[in-house]
2 protein chains.
Amino acid sequence: MYIKVSIVKYTLNKGGGHITTRKDVARLAGVSEATVSRVFNNIGPIREHTKQAVIKAAAELQYTPNALAQNFVRRRSGNLGVILPLLPKVHLFSKYYFAEILSGIGQAANERGYDLLLMFASIEGNLDYLRLFHARKVDALILLGRRDIPEDRASISALLEDKHPICLIGQRFAGLLADSVDADHITGSYEMVRHLVRSGHRRIAFINGPLEYSNSEDRLAGYRAALLDHDITFDASLIFEGNFSRKSGYELAHTIAGIHEHIDAVFASNDRMAIGLIQGLNELGISYEDLTVVGYDNADIAQFCNPPLTTVEVPLFEMGQLATNKLLDRMSGKLIGDPFEEKLPTRLIIRSTNI
Amino acid sequence: MYIKVSIVKYTLNKGGGHITTRKDVARLAGVSEATVSRVFNNIGPIREHTKQAVIKAAAELQYTPNALAQNFVRRRSGNLGVILPLLPKVHLFSKYYFAEILSGIGQAANERGYDLLLMFASIEGNLDYLRLFHARKVDALILLGRRDIPEDRASISALLEDKHPICLIGQRFAGLLADSVDADHITGSYEMVRHLVRSGHRRIAFINGPLEYSNSEDRLAGYRAALLDHDITFDASLIFEGNFSRKSGYELAHTIAGIHEHIDAVFASNDRMAIGLIQGLNELGISYEDLTVVGYDNADIAQFCNPPLTTVEVPLFEMGQLATNKLLDRMSGKLIGDPFEEKLPTRLIIRSTNI
DNA sequence: TACTTTTATGTACACGCGTACATTTTACGT
DNA sequence: ACGTAAAATGTACGCGTGTACATAAAAGTA
């Protein structure tokens with residue numbers, strides 16, 4: 001009779017497989033459930049003899065604590081949420097950009113026992129971040145590639161208000177004091193422009209990205225600072241705007257070609273635009289020997305194109321790592337105080353031989 | 001007195017914020033907890049009046065069901081696990097490859113109410129997949145970029161034995177009958193070689209990837225079939241092996257250069273190797289006008305290099321989508337029976353004008 | 001030995017939800 | 001008006017774990 005009841009119970013679990021629980025281990029080891037718990041959580045004083053008995057019983061039964069129950073009772077998911085823009089539509093950054101950052105996040109999270117919960121948000125931002133916390137789906141959140149639009153601003157603002165641990169990577173929202181990690185694009189651009197000036201260029205056009213991304217502002221600031229430091233007058237007519245896509249660089253070729261005799265170089269804010277521009281200029285009969293073009297990001301393509309592109313390396317992997325570690329520090333209480341705004345150093349990569 | 005107890009309880013929750021539960025909503029709406037549950041799960045007959053009262057109370061309290069509790073009691077995590085190789089070390093495929101597939105997975109999973117749990121496994125495979133299921137961390141698993149080595153074979157075999165829902169993308173393990181999704185590389189390669197033959201090439205060298213990846217076998221099969229159908233004798237001395245990296249293509253340039261007068265074209269199994277080869281050949285004074293080089297994958301770089309590369313498009317995004325949908329169908333019982341081995345069609349992309 | 005302190009283990013409950021089952025209310029037919 | 005079926009709602013419990021508290025065993029002390 002008892003056996004039958006038992007069988008019925010077991011078969012209730014789909015697949016017919018019995019879920020081994022703490023109770024089973026306790027019974028086999030001849031101890032209480034609490035003791036099993038203690039062994040698995042390494043808590044309190046336990047006699048070595050007892051501990052081994054539990055470990056042996058657990059091994060025998062192939063017991064693994066149910067993470068669902070653990071998370072539930074601990075009231076934490078163990079998940080680090082990562083919001084990515086819906087990639088297929090993204091032209092903003094290359095997929096390389098996200099893959100690198102994500103790797104950094106993944107490595108750091110893994111080291112600290114957190115899992116990565118990946119969420120794709122349409123770029124319009126219809127995802128209610130706050131709900132993720134309310135539902136306890138994530139313990140902390142990293143936001144990537146969000147645009148500075150009212151909806152997102154409101155969502156992020158709500159998160160900050162409730163003091164949920166979040167971190168932005170590669171962007172900031174003016175007026176919103178949030179933890180963030182970025183590369184030092186001001187210095188990155190500064191060094192690039194300085195390099196151009198030192199190698200004899202004085203009239204340097206600048207293809208910026210949309211100003212609704214904070215890093216566009218930063219690059220512009222670096223550009224201007226470098227000119228200023230070398231006594232070159234800033235000329236607004238040399239500033240152009242693309243949208244980070246190769247196409248937008250390509251389409252600017254006509255404009256650039258029109259003034260190419262009045263400029264020495266073009267600094268594009270990312271490699272894709274630089275490559276598009278070079279291609280466009282080529283078709284218009286302007287080779288890279290006539291006009292220096294440099295990029296930014298050190299994307300994969302930068303080294304394979306013709307000529308290899310001088311660019312600025314951005315430590316994407318490290319940015320992901322740092323953001324994760326600081327965020328988890330924040331959660332554990334190891335890090336307190338005002339929001340941080342980390343800026344990792346960039347590195348100038350000189351490839352073309354003609355500059 | 002009662003109030004004081006209440007306050008104490010609330011303050012127990014870290015951060016001082018009270019967690020709104022079903023009980024709170026029930027009390028405010030003047031119904032039982034079960035009724036609240038019913039409203040949120042859309043279960044059973046409920047009077048419209050009651051329903052609205054619950055919805056109103058929930059809104060007022062900003063109630064969101066605790067996903068942790070839900071998952072626990074439902075005994076499912078709601079997570080779709082995705083195993084990625086530790087990207088920084090990966091040369092095998094480009095990051096583009098994974099980003100695309102991941103997007104497809106993410107989109108499909110999202111549509112069906114599943115979250116993506118991302119896990120990076122070192123390529124040596126020290127991750128115990130089985131434990132993920134035992135711990136109930138994931139309900140299903142998608143495996144990407146695993147190598148055919150004993151450890152992984154054993155792990156995957158154990159998963160299949162216990163009938164856990166898993167799906168491989170872009171690979172298969174001979175002898176292991178697992179659900180899998182891939183592109184039809186046999187036809188893809190066949191069509192590329194046929195194209196080369198039809199445009200006048202007859203002696204076509206083939207740079208394959210390591211044969212421990214099933215898609216290498218497939219491409220070779222397509223290559224051979226195309227030759228056969230056009231009465232060209234297969235010549236094993238025209239087969240080379242790279243490791244999918246640009247460098248390996250570059251390093252093969254010397255070898256290819258040595259025989260370039262005896263061949264008309266080189267078919268590389270991916271774009272990166274093709275580009276490396278082109279670069280190497282260039283340095284040896286062999287231009288693409290002397291020797292046709294084509295690639296595979298239609299990676300980003302394929303269209304930017306010089307000359308733009310003729311290649312084969314692989315529907316990565318769709319592969320991710322399909323794998324996810326079939327996997328979730330399998331779980332829900334909508335799909336039963338033998339393991340599927342889906343092969344999505346590829347598409348020849350002709351870019352270079354000289355072939 | 002008898003008492004106290006420390007160490008080791010057991011007991012019991014809460015976490016927030018889904019849901020089987022019991023109960024109450026409403027609708028319907030006569 | 002009454003009985004019965006259907007609809008609506010409530011009651012009660014279990015899911016598997018962490019852990020506060022109670023208890024038992026061991027170690028120390030006088």
Side-chain angles (χ1 to χ4, degrees), chain A residues 5-6 8-10 12-14 17-27 29-54 57-58 61-78 133-137, chain B residues 5-6 8-10 12-14 17-27 29-54 57-58 61-78 133-137:
Chain A
V5 169
S6 196
V8 169
K9 187 183 170 191
Y10 286 10
L12 276 178
N13 302 317
K14 63 176 176 184
H18 171 59
I19 299 176
T20 305
T21 72
R22 192 174 68 170
K23 180 184 271 179
D24 302 318
V25 178
R27 196 183 306 145
V31 298
S32 74
E33 290 190 47
T35 299
V36 177
S37 240
R38 290 192 186 97
V39 171
F40 270 81
N41 294 311
N42 231 332
I43 280 178
I46 285 204
R47 259 197 301 181
E48 190 59 28
H49 175 74
T50 313
K51 187 171 174 177
Q52 291 309 325
V54 170
L61 298 174
Q62 296 198 55
Y63 169 69
T64 306
N66 184 327
L68 261 35
Q70 288 182 320
N71 293 339
F72 171 51
V73 71
R74 287 174 179 152
R75 284 132 121 194
R76 37 151 276 177
S77 65
F133 283 100
H134 277 169
R136 298 279 184 291
K137 281 207 171 194
Chain B
V5 169
S6 198
V8 168
K9 188 181 169 190
Y10 285 11
L12 276 179
N13 301 318
K14 63 177 176 183
H18 170 59
I19 299 176
T20 304
T21 71
R22 191 175 66 169
K23 180 185 273 179
D24 302 316
V25 177
R27 196 183 305 145
V31 299
S32 73
E33 291 189 45
T35 299
V36 178
S37 242
R38 290 191 187 98
V39 170
F40 271 81
N41 294 311
N42 231 332
I43 280 178
I46 285 205
R47 256 197 304 182
E48 191 58 27
H49 174 73
T50 314
K51 186 171 174 179
Q52 291 308 325
V54 169
L61 298 173
Q62 296 200 58
Y63 169 71
T64 307
N66 184 327
L68 261 35
Q70 287 182 319
N71 293 339
F72 171 50
V73 70
R74 287 176 179 150
R75 285 134 120 194
R76 36 151 278 180
S77 65
F133 283 100
H134 278 169
R136 297 281 183 290
K137 281 206 172 197

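Labels below follow one simple rule: chain letters A, B, ... track the order of the sequence lines, proteins then strands, and each chain is numbered from 1.
Rounded to the nearest 0.5 Å, atoms CZ (A/Arg136) and OG1 (B/Thr64) are 9.5 Å apart. Rounded to the nearest 0.5 Å, atoms CZ (A/Arg22) and OG1 (A/Thr35) are 10.0 Å apart. The CG atom of A/Asn71 sits 8.5 Å away from the CG atom of A/Asn66 when rounded to the nearest 0.5 Å.
Distances from the side chain of B/Glu33 to the nucleotides C/dG10, C/dC17, D/dT17 place C/dC17 closest. Picking from C/dG10, C/dG16, D/dT11 the nucleotide with the shortest atom distance to the side chain of B/Ala69 gives C/dG16.
Looking at B/Arg38, its side chain comes within 3.5 Å of the base of D/dG10 through a donor and an acceptor atom. Within 3.5 Å, no donor on the side chain of B/Arg136 pairs with an acceptor on the base of D/dG16, nor the reverse. B/Arg75 contributes no side-chain N or O that forms a donor-acceptor pair with the base of D/dG16 under 3.5 Å.
A straight line from CZ of B/Arg27 to P of D/dG10 spans 14 Å, rounded to a whole angstrom. In this structure, the CG atom of B/Leu68 is 13 Å from the P atom of D/dG18, given to the nearest Å. Between the NE2 atom of A/His134 and the C1' atom of C/dC17 there is a distance of 18 Å, rounded to whole Å. In this entry the distance linking CZ of A/Phe72 with P of C/dA14 reads 12 Å, nearest Å. Here the P atom of nucleotide D/dT17 and the CZ atom of A/Arg22 are 6 Å apart, to the nearest Å. Protein atom CG of A/Asp24 is 11 Å distant from nucleotide atom C1' of D/dG16, rounded to whole Å. In this structure, NZ of B/Lys23 is placed 15 Å from C1' of D/dG10, rounded to the nearest angstrom.
By the side chain to side chain contact (heavy atoms under 4.5 Å, CB included) test, B/Ala29 pairs with B/Val31, B/Val54, B/Ala57, sequence neighbours left out. Residues passing the side chain to side chain contact (heavy atoms under 4.5 Å, CB included) test with A/Ala34 are A/Ser32, A/Arg38, sequence neighbours excluded. Evaluation of the side chain to side chain donor-acceptor pair (under 3.5 Å) rule for B/Gln70 yields no partner, not counting sequence neighbours.
Shown for residues 40-52 of chain A: residues whose heavy atoms fall under 4.0 angstrom of DNA chain D, namely A/Asn41, A/Ile43.
Taking only side-chain nitrogens and oxygens, A/Thr35 comes nearer than 4.0 Å to OP1 or OP2 of C/dG10. Considering only side-chain N and O atoms, B/Gln70 lies under 4.0 angstrom from the phosphate OP1 or OP2 of C/dG18.
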For residues 40-51 of chain A, which side-chain donor-acceptor pairs fall under 3.5 Å, sequence neighbours excluded?
from    : atom 1 : to      : atom 2 : distance (Å)
A/Asn41 : OD1    : A/Arg74 : NH2    : 3.3
A/Asn41 : ND2    : A/Ser37 : O      : 3.1
A/Glu48 : OE2    : A/Gln52 : NE2    : 2.7

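Remark on the helix from C/dT1-D/dA30 to C/dT30-D/dA1: inter-end axis angle 40°, axes from five-pair C1' superpositions, rounded to 10°.
Heavy-atom minimum distance, A/Ser77 versus A/Lys137: OG-O, 3.1 Å. The heavy-atom pair separating A/Arg75 from B/Leu68 by the smallest distance is C-CD2, 4.0 Å. Between B/Tyr63 and B/Thr21, the shortest heavy-atom contact is CE1-C, 3.5 Å.
Contacts of A/Ser37 with the nucleic acid, taken as non-hydrogen atoms under 4.0 Å apart, include base atoms.
Each of B/Val73 and B/Ala34 was assigned the nucleotide of DNA chain D with the nearest heavy atom; the assignment lying further toward the 5' end belongs to B/Ala34.
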